[in-house]
Amino acid sequence: MNRLIDHTRQLSPPRWTVLPRAVWPLLAGVVVALIAYYLVGPNISGFSSKLMLIAGTNIILAVSLTVVNGFTGQFSMGHAGFMAVGGYISATITYYGSIKLLGTAEFAGGALSWTGSGAHAGPFIGKGDLIFVASCIMGGLGSAAAGYIVGLPSLRLRGDYLAIVTLGFGEIVRVLLQGTPDQVQPWKASQAVDTPWYELLIKLGGPKGFNLLPTYTTLFWVYLFVVLTLIVCYRLKTSSSGRAFLSIREDEVAAQAMGVDVTKYKVRAFVIASFFAGLAGGLYAMDIGAINAGDLGFQKSFDFIIMVVLGGMGSISGATLAAIILTLLPEVLRDLPPVWPAGLVLLGIMAVVQAVRKHWHVKSLVGVGIGTIVLEGARQFCLSQGINIADFRLILYALLLIVMMIARPQGLFGIREVWELFGRKKKAVGSGQ
Amino acid sequence: MSVSSEFILDVRGIAIAFGGLKAVQDFSLRIPRHGLYGLIGPNGAGKTTCFNLLTGVYQPDSGEVTLDGERLNGRKPHQIAAAGLSRTFQNIRLFGELSVLDNVKLGCHLRGRHAIAGTLLRTAYYTGQERAIESRSMELLEMFGLAARAGEQSKNLPYGDQRRLEIARALATEPKVLLLDEPAAGMNPQEKLELRALIRKVRDQFGLAILLIEHDMGVVMNLCEHITVLNFGQTIATGSPEKVQNDPKVVEAYLGTE
């Protein structure tokens with residue numbers, strides 16, 4: 001039998017197909033982002049578009065965490081720490097960079113970053129946008145570097161030790177950032193211009209947080225990076241590196257025996273996940289206009305872990321869906337809309353799917369029916385007693401997780417993607433091109 | 001070429017102790033190119049520990065392992081696999097959630113290049129390599145009669161198929177020496193017959209050396225040119241199947257003394 005290397009060159013596709021394959025994710029990202037920004041954003045309420053924005057950053061964070069916790073089966077508990085590293089780096093670059101280069105930390109973006117009221121008068125892409133995008137990517141790279149430094153020693157450990165190390169990392173980052181000196185306020189910008197770089201880099205606001213950042217993050221930028229994150233993670237999953245990730249999760253000893261450098265691939269997954277966490281941190285900071293390490297403690301890390309676990313450890317579409325659901329859930333709980341329409345729709349979809357697959361699963365239908373009735377009853381009870389259920393959301397999350405662990409320990413989708421569930425035969429994961 | 005070019009695998013006096021338990025003592029074995037050797041012994045004799053020592057799961061306390069002139073001591077399991085030593089496991093260790101095809105594809109992983117930029121940009125080299133991996137994996141699956149089940153999750157395969165898939169996966173790493181840990185365990189007599197033919201075919205077609213652990217004497221005595229017998233970590237007999245079968249120490253180890 002021939003060696004693998006002999007076939008590689010002769011099976012390579014023609015040169016001209018390479019550029020489109022490499023570039024289309026970026027184009028797709030731009031198209032989706034333009035749709036989100038120009039078509040969806042203006043037609044929903046300001047509050048809804050804000051929620052959509054938060055959902056976007058949460059998708060990036062949940063999907064990137066899937067690469068570590070889902071694909072390689074390692075348990076990282078410090079994702080918010082990486083988000084903080086990236087967020088502070090990009091906040092620093094955007095804030096002090098704007099002061100140094102433009103003389104002021106005021107908004108200096110173009111139409112794509114415009115968050116103020118009314119139409120934007122300036123250019124399509126402003127100088128501020130370039131600083132902002134560059135700062136987000138720098139934040140990602142800085143966070144990836146931190147991921148490499150943390151991952152290299154700790155990913156040699158097995159099981160719970162990694163969780164402990166990453167948990168510790170997140171807390172160390174938080175405490176260090178909270179100990180930094182006050183930031184140079186915007187009205188003292190002239191003073192900051194004369195201060196050397198290295199002195200500015202540590203003035204990150206401490207316990208008060210890093211505030212009054214120019215807000216560049218719009219639906220355009222968020223959904224551009226969401227699409228890129230999704231495509232990058234999907235390409236990873238369906239590649240030879242992705243198989244290596246999954247093999248580590250399945251059986252580390254066998255993966256090693258087959259020649260997979262286990263530590264190298266764990267570090268690779270960790271670095272990629274950290275990169276996107278850092279990037280999302282930048283988007284988050286310039287969305288709110290402030291970043292405070294106190295908000296990015298281990299509780300925040302847990303939010304992302306819950307998204308990954310709910311979606312299914314290793315399912316990109318599952319993590320995406322879970323990120324959206326868990327972002328919207330507190331708002332939905334606040335208003336308490338009727339449950340039964342959603343229940344009926346879900347029942348209908350399940351019935352259609354089961355009819356198409358000619359595989360009736362009566363138990364699941366009855367379960368959804370009873371669940372709907374119970375939830376509707378609970379809603380009526382809360383309304384009659386005047387209970388604000390949103391106050392109990394953390395308890396509800398915990399209950400949700402417990403129920404998931406019992407009823408569906410592999411999460412909503414396991415390691416499959418949504419569309420793989422509707423195939424006739426149960427196909428195994430990762431066998432796409 | 002190397003000095004010991006006649007022997008592809010040269011094991012000299014390796015030993016390991018777990019606390020006070022001397023699991024393997026002074027184990028030596030030289031396998032010629034294309035050799036088909038066997039390793040037998042009662043339960044707990046240290047056979048699998050020998051495999052673990054050879055493949056780097058454990059590091060030997062003393063002794064030396066040389067593969068095609070390369071010293072393997074102190075190397076990690078994946079480096080030993082890269083040097084050309086591949087194995088199967090006694091308690092099957094497939095990647096259960098992955099497809100049958102992906103299991104074999106993972107075996108091909110070792111001989112490819114997996115730069116992150118190429119993976120994400122889907123460069124010509126990357127795509128060509130993926131296609132090469134795919135066609136090679138399908139070839140292997142066809143040879144092992146598993147091509148029809150390529151898309152199934154490997155955990156859903158019947159036991160005998162799982163054992164064969166492990167061999168296919170190990171072969172995908174392009175080894176020089178293949179270690180098979182109880183390949184016939186759990187197979188019925190018909191499957192065992194087929195396995196014997198398959199192992200011979202693998203040896204001839206891939207031109208590699210095979211060392212196998214097996215409890216089924218029919219398989220071992222028929223297949224192997226040379227057998228080493230272990231008991232309590234010590235080598236008690238080596239030689240041709242006929243010689244080993246009639247060795248009083250071997251009979252004693254298996255049947256006990258009066």
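Naming convention: chains lettered A, B, ... in sequence-line order (proteins, then strands); numbering from 1 in each chain. Here the structure is a predicted model, which means the values were calculated and not measured.
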Return the set of residues passing side chain to side chain donor-acceptor pair (under 3.5 Å) with B/Arg149 (not counting sequence neighbours), or none when no residue passes.
B/Glu152, B/Asp161
Give, as side chain, backbone, both or neither, the part of A/Ile231 having an atom under 4.5 angstrom from any heavy atom of chain B.
neither
Quick check on the interface: out of B/Leu110, B/Asn103, B/Leu171, who has the most heavy-atom pairs with chain A under 4.5 Å?
B/Leu110
Assign the ring pair A/Tyr265 / B/His114 to parallel, tilted or perpendicular, where the plane angle (0 to 90°) is split at 30° and 60°.
perpendicular
Under 6.0 Å from the six-membered ring centre of B/Phe95 and within 45° of its axis: does the NZ or CZ of B/Arg169 meet both?
yes
Among B/Gln79, B/Glu166, B/Arg93, residue most engaged with chain A (heavy-atom pairs, under 4.5 Å):
B/Arg93
At a heavy-atom separation under 4.5 Å, does B/Ser135 approach chain A through its side chain, its backbone, both, or neither?
side chain
Polar contact flag, side-chain donor to acceptor under 3.5 angstrom, B/Ser86-B/Thr173
yes
Residues of residues 15-25 of chain A near chain B, each having a heavy atom less than 4.5 Å away:
A/Val18, A/Arg21, A/Ala22
Taking A/Phe82 as the fixed residue, which of A/Phe270, A/Tyr148, A/Phe275, A/Phe276 is the one that meets the ring pair (Phe, Tyr, Trp, His ring centres under 6.0 Å) rule?
A/Phe270
Heaviest contributor of heavy-atom pairs below 4.5 Å to chain B, chosen from A/Ser241, A/Gly314, A/Ser247, is A/Ser247
Do B/Glu191 and B/Arg163 sit within salt-bridge range, that is, some charged N less than 4.0 Å from a carboxylate O?
no
If we define contacts as heavy-atom pairs under 4.5 Å, which of B/Thr123, B/Val57, B/Ile116 has the most with chain A?
B/Ile116
Taking atom NZ of B/Lys76 as the centre, does the number of heavy atoms from other residues, nucleotides or ligands within less than 6.0 Å exceed 12?
no
Has the side chain of B/Asn73 got a donor or acceptor atom that lies under 3.5 Å from a matching backbone atom of B/Gly63?
yes
Need one label for B/Phe89: side chain, backbone, both or neither, based on atoms under 4.5 Å from any heavy atom in chain A.
side chain
So, B/Asp68 and B/Arg33, do they make that salt bridge, N to O below 4.0 Å?
yes
Looking at B/Ala81, B/Ala82, B/Ala132, B/Ala172, which one has more heavy-atom pairs under 4.5 Å with chain A than the rest?
B/Ala132
Side-chain donor-acceptor pair under 3.5 Å between A/His79 and A/Ser64, yes or no?
yes
In terms of heavy-atom pairs under 4.5 Å with chain A, the winner among B/His109, B/Arg113, B/Gln129 is B/His109
